[in-house]
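Numbers here are sequence positions counted from 1. Values below: all heavy atoms of this structure, side chains included; hydrogens, waters and symmetry mates excluded.
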Amino acid sequence: MSGVIPSPKQQSTIVNQSLKDPKNAQAISTFRALVQSCYGPTGRLKMIHNASGGHVTTTSISQTLFRSMSVSNPVVKLIVSAVQSHTNQFSDGGLFAALLCSRLIESCLALPVPQQSVAKINEEMLHVCLGYLQGENCLCKASLNVGDATMMLALVRSVLGSKSALMVNSVDLNILSRLVLQGFLRSIPDTTLGTLNLTDIEYVCVEGCSIKDSSLVDGVLFETPKITKQYLAKVTPRKVHLQGGTETIKVALFNTSLSGDSEEFVDSAYEADVGVSGDASVFRHLMQVAAHLVQLQVGVLACQKVVHPGVQKYLAENGVLTVDRLGSLHVVAVQRLTGATAIGTLHAAIKEDCIGHLQSVSTVLMQHKNYLHLQSSTSPVTTLVLGNRNEAALLEMKDVCCTAHHVLCQALRTPHVLCGGGCTETHLAAHLTAQVRMQEEALLAKLRCSKAQLHTTANNFARCLEQVAMALEHDGGCHGSDPVNHHHWLLPPWASTMDPAEAGVETCACGVVKTDKIELASCSPIGHLSNQSQPSSSSEGHGKHNDDKSNCSVSLTDYMDQATRKGVESSFSNVVLDSFPVKLNAFVVAVETANMILTVNRTIFDKN
């Protein structure tokens, strides 16, 4: 007898590594550079390939990026875990959280301030920022009218437009945004008793066509190579008449195997008389189940797993269409569409209450592939058919559309938006530095630190926010902040001046502030610590606008109100919006994770 002899356990080696160890610093820096290069609408794509070969993943979104790559450094692992926890709940904002977190850790480790003090001051800076963002006088926040399609469309367009892997032009972006919004609106229940479910939107990816061929279809649509138009003409699902004269197709839904290999048929050794077959006994039981379905006048048998060919033949002869190998995702969609109860046992009587209903069953041919289309009279499920030229772009498009749909669901619960394009970050940085100067005495008494430690750490926090805004641009452009509104201005690389008008820039990065609204001609460069260290009259005035909005000429709320009154869709076509709940949670996760890591003295792990 031959076998593999396990190697003896090696002696453990305990590695005691400081947080400031060059290996940790290099890992954090590399991770930050990786995330930063993916960030924003012009972010660079990443190709992830296993060293042993296999599938190549091309992406720029955090969910796919972190799911596909392997991380070994414990500090980076902690960041990735925190970000994934955020994206599992909100779907979007992962790159922002990862970038801000790694920026804070990397910069705070270089400060001449004890790490415990840095973490304590960072926590207080977070509270100052949250107090402003959640307050009624926040100038970079506005209420979102979920009944205004143009506002909702602007939010969807901002989410889709920030994902560089889509590689879509403005026309395709508008088409895709409209489809996502229409799908979301169809998924909203008609009554207050209904619930909004993310599974109400199904996605079908069709490779080889253009984005213009994408469409929205009522009901469930999934690929079925065996069920062609000709086959459906031979095996037409029977219809039954209900009270009132309406017709329906009864549906039985199984989430267990109907091929005889179900776990209910125990796989064990047994004794049987000569001439008695165990397989035949199992098949007879399956045929009894099929006969009962025919007796119940079922027209469609849908099964998550495999249905025995003999059972399929018997059902087809009796006007029952068999649809097997649905998979777990399609089973949920069919269950919600038909109202059927998924049957998980073959040894219990199938009751009429478990049966669902369909209005029609048809086939659709797309790119030489057969798809089965199931519809009900009141369809709670909608299928978004996505078209693109290659598989990688299709998979990325599906993930991004799911993200946009999730962001819209969040908007129903928290109908607020923030300025996008990095304007919230630069605006928040200016507000923070002004508040620190105004509340200096109170903060020093509360934090029990020196004045130098407070301002050094607060300035670093503000600079990290500005650097996150700067990370949105990857082509060597200049970055500025106007002295009145403190919004983010992107100037071309060839600009010889910080004056947006002279550089040919009409609006700030979010599209809310126009060039003619800037009181002073030139913007101030951002992203440098020295810019925040010296007080200025404009910054001090900015700190007062909690009580007086006259110090800031433009607010997001005013802009949204004016655009709504105009009633023109083009008013929202260039505005970039961020989801308030998504951005707020990502901000909190980034700062709290950075603070937790900064309080770590050493990482100890067993190398065996």
Side-chain angles (χ1 to χ4, degrees), residues 32 79 82 86 93 96-135 137-141 418 422-471 481 486 488 526-536 539-540 542-546 580 583-599:
R32 189 262 308 155
I79 299 174
H86 163 78
F96 169 80
L99 181 55
L100 179 58
C101 181
S102 54
R103 271 285 183 193
L104 279 171
I105 297 170
E106 196 176 10
S107 59
C108 287
L109 289 176
L111 296 179
V113 182
Q115 289 174 215
Q116 292 286 346
S117 299
V118 170
K120 189 188 301 184
I121 297 172
N122 281 345
E123 185 70 23
E124 188 60 30
M125 297 303 101
L126 174 63
H127 290 158
V128 173
C129 292
L130 292 181
Y132 177 62
L133 290 174
Q134 294 174 329
N137 295 314
C138 180
L139 297 171
C140 59
K141 182 182 75 172
L418 293 168
C423 289
T424 293
E425 287 86 336
T426 56
H427 182 83
L428 202 57
H431 171 81
L432 180 65
T433 52
Q435 290 297 310
V436 168
R437 283 193 295 273
M438 292 173 61
Q439 304 177 27
E440 182 180 287
E441 296 299 328
L443 290 172
L444 290 175
K446 182 178 181 179
L447 297 172
R448 297 181 182 274
C449 63
S450 68
K451 184 176 179 179
Q453 289 176 340
L454 171 63
H455 285 283
T456 298
T457 308
N459 289 340
N460 180 73
F461 194 99
R463 181 181 62 171
C464 287
L465 286 171
E466 292 183 339
Q467 288 176 335
V468 169
M470 294 173 65
S481 173
H486 302 283
H488 180 212
I526 63 171
H528 303 287
L529 187 60
S530 58
N531 291 341
Q532 304 293 343
S533 59
Q534 299 297 327
S536 65
S539 296
E540 289 175 354
H542 179 82
K544 298 175 184 177
H545 67 225
N546 274 338
F580 177 76
K583 197 66 170 279
L584 195 70
N585 193 76
F587 186 35
V588 173
V589 167
V591 178
E592 290 185 346
T593 303
N595 283 346
M596 179 175 60
I597 292 174
L598 288 171
T599 57

Checking [X] side chain against [Y] main chain: does a donor-acceptor pair fall under 3.5 Å?
X	Y	result
Glu425	Leu465	no
Lys141	Thr424	no
Thr599	Gln116	no
Thr593	Ala590	no

Gap separating the [atom1] atom of [X] from the [atom2] atom of [Y], nearest 0.5 angstrom:
X	Y	atom1	atom2	result
Leu443	Cys449	CG	SG	8.0 Å
Leu130	Phe587	CG	CZ	6.0 Å
Ile105	Ser107	CD1	OG	9.0 Å
Met596	Cys101	CE	SG	8.0 Å
Asn595	Cys108	CG	SG	7.5 Å
Ser117	Gln453	OG	CD	5.0 Å

Evaluation steps, side chain to side chain contact (heavy atoms under 4.5 Å, CB included), between Glu466 and His488: CA-CA 9 Å; Glu466 292 183 339; His488 180 212; over 6 Å; no
Hey, does [Y] have a side-chain heavy atom less than 4.5 Å from the side chain of [X]?
X	Y	value
Gln115	Leu109	yes
Val118	Asn460	no
Thr456	Ile121	no

Salt bridge (charged side-chain N to carboxylate O under 4.0 Å, His left out) contacts touching residues 442-453 (sequence neighbours left out): Glu124-Lys446, Glu440-Lys451
Please report the shortest heavy-atom distance between [X] and [Y], naming the atom on each side.
X	Y	value
Phe461	Val591	CZ-CG2, 3.9 Å
His486	Ser481	CA-OG, 3.3 Å
Tyr132	Cys138	O-CB, 3.2 Å
Ala469	Gly422	CB-O, 3.5 Å
Ala458	Met125	CB-SD, 3.7 Å

Contacts of Phe96 that satisfy ring pair (Phe, Tyr, Trp, His ring centres under 6.0 Å) - sequence neighbours left out: none
Test side chain to side chain contact (heavy atoms under 4.5 Å, CB included) applied to Leu418 and Leu133, step by step: CA-CA 9 Å; Leu418 293 168; Leu133 290 174; 4.1 Å; yes
